[in-house]
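Computed from a predicted structure; not experimentally measured. Convention: sequence-line order gives letters A, B, ...; per-chain numbering from 1. The figures that follow rest on heavy atoms only: side chains count, while hydrogens, waters and symmetry mates do not.
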Amino acid sequence: MTAQPLARLDKPDVGDAFLSVRDLRVHFPTADGLVKGVDGLSFDVRRGEIMGIVGESGSGKSVTSQAILGLHKGSQARITGEIWLDGHELVGATEEQMRSLRGDQMAMIFQDPLSSMHPFYRVGDQIAEAYLVHNKVSKSVAKKRTIEMLDRVGIPNPDKRFSDYPHQFSGGMRQRAMIAMALVCDPKLLIADEPTTALDVTVQAQILDLMKDLQREFNSAIILITHDLGVVAETCDHVVVMYGGQCVETGSVNDLFYEPEMPYSWGLLTSMPRMDRTRQERLQPIPGQPPSLIRVPKGCVFNPRCGYTEHVPGRRCFTDRPDLLPTSGGSAGHAVRCHIDPDERRRLWTGDIQPTL
Amino acid sequence: MSTAFRPDGADAPLTPADDTDALLRVNNLTKYFPIKQGILIQRQIGAVKAVDGVSFAVRAGETLGLVGESGCGKSTTGRVVTKLLDPTAGEIYFDGQDIAKLKRHQMRSLRTDIQMIFQDPYSSLNPRHTIGTIVGAPFRIQKTKTDKGVKAEVQSLMERVGLNPEHYNRYPHEFSGGQRQRIGIARAIALRPKLIVCDEPVSALDVSIQAQVVNLLEDLQSEFGLTYIFVAHDLSVVRHIADRVAVMYLGKVMELAPRDTLYSTPMHPYTHSLMSAVPVPDPKKEGRRERILLIGDLPSPINPPPGCVFHTRCPKYRAVLSETDRERCRSEVPVLEAKAPSQFVACHFPEVRADIASGEDAGISGGESGTVGSESEAGTGATAL
Ligand SMILES: Nc1ncnc2c1ncn2[C@@H]1O[C@H](COP(=O)(O)OP(=O)(O)OP(=O)(O)O)[C@@H](O)[C@H]1O
Ligand SMILES: Nc1ncnc2c1ncn2[C@@H]1O[C@H](COP(=O)(O)OP(=O)(O)O)[C@@H](O)[C@H]1O
Ligand code: SF4
Ligand code: SF4
Ligand SMILES: [Mg+2]
Ligand SMILES: [Mg+2]
């Protein structure tokens, strides 16, 4: 396996990254063939930083977060690569080691809070239980801590609400309770998988505000998985754009929104109707369908939908998989997987794409 | 106190259903779902007021957007208009005829003239039927075509919506979400309807696929002269596709206006909050926007607040109004009436906020589309007003 050039790392140690994912591959053997859910993904997250992962459905976002949390252990999944969390390597860790890290060092917020809270137990008891698993304290201390957390995430009358069942909470309140449960042990890494996708924009705004507060207050490292570029622009510091199980572009939010260099990132920006710009007569979709992860296209994964293959001499888009390489002009940490010559990429963006947004 | 805008000095305020030339006119539409209790003898103990006095009109060839938070009654409105549900009260004039009290099966023309496209491309297609059967069903019910004729017609429809006609014998699970939505669209346009209610047709799709389907719907509209009611919760998509937009909250229309008016000069406090909550994909702008956060949860539609249904969460009610004014919000239901030309607002204290939609060019754009704004530096222009 060839080493992938890393996005914001050139030295072998992980620098100040709290989480470092290196050349992660998660493959699932199935009756139809090998599903390459994640195929050579590398990125770093520091403490106090919100890292966004964007990409269309099936691009491997959830599989990545499950791998970090060790949720594939004991399944058929074949995992290679390295995941470093604060000096511990997780791909080789045992299920037991992972269990003690989950909740304590790292926690997860899921898209659907109903599926992650048990319907038959009181909300407060579930959060207190999560605290008791990792802390040797009395029940009353755990209850006090839970009420504090419920209050912290903005549940009104937390001492009364402690005894409610999940169905007695509204969608937004359940999501807050989930966040309270995820944060009750002060995890240093929080992974939020589409935490607001099922919510209305008004509730989403409240939850995103809350996450930003928590990031500032607890200096947590946060991974925010979403398909909404508006959410990324509002919340994240850095972004990984995933396509077909790979990171095709990574950088700061400013890199992604003002100087993207990869045709798929361009496509995401042009296909989206925007409330903040002059209304376009017509949207510019990315043609075609997302790739099959069983028969991944040879060469660049994006080639069947890419309108720029002519800009690469010798049909290399169809023969060689591009590496994730640092951009020449951009900020440190901005890296792109595309064969187009860097100067040409920037010309295309500033000349052809940006003016149409 | 703001008074209704009266175009010709007439006494009666213009209501949104006054548009008598419209293809569809809905007046005071109400749909309550009874809540029953008891095992043998069912007693009604209350009702979910899903739609509670909604009025609007849709002109031939236009797209009316219906936005609002989950549970506010958008889909129910759509289902009542298509007569998949019977209204509890109110009038629905389609092509001049009141169809509110007719059953769907009583109206042959209704079954061809009004169609619906659903949100969930998975559950709205029968998994045991082939695409040919699904898209051909409307023709078979009509019995106007031979089997061969149906197949040819279905294949041309498939081609028109961007599906491979050779996939005539495939099943829904063999298609992606976007393709399944195309199947639903092919079925809806089969009988050349006049009106299509699109209930969140692109909400379940990824942005790149969403744009393909939006473009297809627009192309079909101009090709066949279709009229759309486009239900969605995504305000950006609705701004792109709709000519006029109705904003709903708890079973009522809060504001109804032409698209550019609504997005550049919204007047209802709820519209303000809703628009300010939409995250825009521009990090520099995002940092400078004011977000009008709503506090508290959506009240139950079983027991909506008296007076203005929004008063329990209205930022203006909470922070700006005097106690006398608040008393009015609590006791008197605001009527949806014209507060500016073509802009209907259900609020006692409406106010133009032009700074909400957040674009440098979100100001008065006057309806000329296609003019690219004059902004030079990307994303750093000043917000309008
Ligand atoms: N068959 C039914 N019986 C009882 N209540 C119903 C029924 N159908 C809808 N409702 C209720 O009516 C209200 C409006 O529902 P509707 O489906 O129209 O909302 P919506 O705006 O389409 O929301 P969403 O965006 O979640 O689909 C909700 O409170 C809903 O729970
Ligand atoms: N347990 C599994 N077995 C087989 N394939 C899987 C499994 N889990 C996920 N996949 C596949 O991996 C790909 C990425 O999935 P996922 O990460 O869930 O996508 P998303 O980006 O929407 O979260 C998809 O093609 C999915 O079908
Ligand atoms: S490598 Fe080729 S196919 Fe891939 S994004 Fe660049 S131009 Fe397109
Ligand atoms: S009527 Fe009163 S409570 Fe209702 S929206 Fe207007 S100001 Fe707010
Ligand atoms: Mg997912
Ligand atoms: Mg709905």
Side-chain angles (χ1 to χ4, degrees), chain A residues 55-59 154 156 169-173 196 198-206 208-209 227-236 252-254 256-258 264 267-290 305 354-357, chain B residues 68-71 176-179 206-215 218 233-241 259-260 263 273-287 289 291 293-298 313 357-362 365 369-373 375 378-379:
Chain A
E56 42 204 322
S57 69
S59 61
F169 276 26
S170 71
M173 282 165 70
T196 58
L199 305 176
D200 285 311
V201 282
T202 54
V203 185
Q204 168 172 288
Q206 297 166 354
L208 293 180
D209 252 28
H227 61 265
D228 184 333
L229 289 176
V231 169
V232 171
E234 184 188 331
T235 323
C236 301
S252 68
V253 279
N254 287 345
L256 181 72
F257 287 94
Y258 305 128
Y264 175 64
L268 282 181
L269 291 169
T270 59
S271 53
M272 189 177 40
R274 299 181 58 149
M275 230 174 72
D276 60 326
R277 297 286 167 85
T278 305
R279 184 179 162 276
Q280 292 171 302
E281 238 349 78
R282 206 158 168 81
L283 299 175
Q284 306 162 56
I286 304 176
Q289 307 288 329
R305 305 175 75 189
Q354 197 175 27
T356 69
L357 289 182
Chain B
E69 293 172 277
S70 153
S176 71
Q179 288 171 326
D206 282 308
V207 275
S208 71
I209 307 299
Q210 178 176 304
Q212 297 174 0
V213 175
V214 166
N215 283 355
E218 289 183 330
H233 60 265
D234 184 331
L235 276 91
S236 310
V237 172
V238 167
R239 173 172 177 253
H240 179 81
I241 203 164
R259 173 231 306 151
D260 291 337
Y263 283 80
S273 316
L274 198 60
M275 282 192 181
S276 82
V278 178
V280 300
D282 191 332
K284 288 178 187 160
K285 249 186 228 168
E286 205 35 84
R289 287 176 72 212
R291 212 172 285 292
L293 286 185
L294 290 182
I295 53 159
D297 288 307
L298 200 67
R313 302 174 81 201
S358 80
E360 57 268 270
D361 45 11
S365 56
S369 40
T371 46
V372 176
E375 75 270 38

Restricting to non-hydrogen atoms, name the atom on B/Lys284 and the atom on A/Tyr258 that form the minimum distance, rounded to 0.1 Å.
N-OH, 2.9 Å

Hey, does A/Asp276 have a side-chain heavy atom less than 4.5 Å from the side chain of B/Ser236?
no

Look up atom CD in B/Gln210 and atom CG in A/Leu283, then write down how far apart they are to the nearest 0.5 Å.
8.0 Å

Could you tell me whether the side chain of B/Gln212 and the main chain of A/Ile286 form a donor-acceptor pair under 3.5 Å?
yes

Tell me, side chain or backbone of B/Leu274 under 4.5 Å from chain A's heavy atoms, or both, or neither?
both

So what's closer than 4.5 Å to chain B heavy atoms on A/Pro290: side chain, backbone, both or neither?
side chain

If the condition is salt bridge (charged side-chain N to carboxylate O under 4.0 Å, His left out), which residues does A/Arg305 pass it with, not counting sequence neighbours?
A/Glu56

Starting at CG of A/Leu229, measure out to CG of B/Asp282 and round the result to the nearest 0.5 Å.
11.5 Å

A/Gln206 portion near chain B, given a 4.5 angstrom heavy-atom threshold:
both

Where A/Pro285 and B/Ala211 come nearest, the two heavy atoms and their spacing
CB-CB, 3.6 Å

Chain A contact via B/Leu293 - side chain, backbone, both or neither, heavy atoms under 4.5 Å:
side chain

About how many Å separate CD of A/Gln289 and OG of B/Ser208, when rounded to the nearest 0.5 Å?
8.5 Å

Proximity breakdown for A/Val232 and chain B, heavy-atom pairs closer than 4.5 Å:
neither

Testing the basics here: between B/Ile209 and A/Gly288, what is the closest heavy-atom pair and its distance to 0.1 Å?
CD1-O, 3.7 Å

Where does B/Val237 contact chain A at under 4.5 Å (heavy atoms): side chain, backbone, both or neither?
both

Closest non-hydrogen atom pair between B/Ala277 and A/Val201, with its separation
CB-O, 3.6 Å

So does A/Arg274 get a backbone contact from the side chain of B/Arg239, meaning a donor-acceptor N/O pair under 3.5 Å?
yes

Using a 4.5 angstrom heavy-atom cutoff, name the option from A/Pro287, A/Gly154, A/Ser271 with the most pairs to chain B.
A/Ser271

Enter the distance from B/His240:NE2 to A/Glu281:CD here, rounded to the nearest 0.5 Å.
7.5 Å

Residue set satisfying ring-ring contact (aromatic ring centres under 6.0 Å, His included) with A/Phe257, at least two apart, ordered chain then number -> none

Do A/Pro273 and B/Val214 come close enough that some side-chain heavy atom pair is under 4.5 Å?
no

I'd like to know which of B/Ile295, B/Leu298, B/Asp206 tops the heavy-atom pair count under 4.5 Å against chain A.
B/Asp206

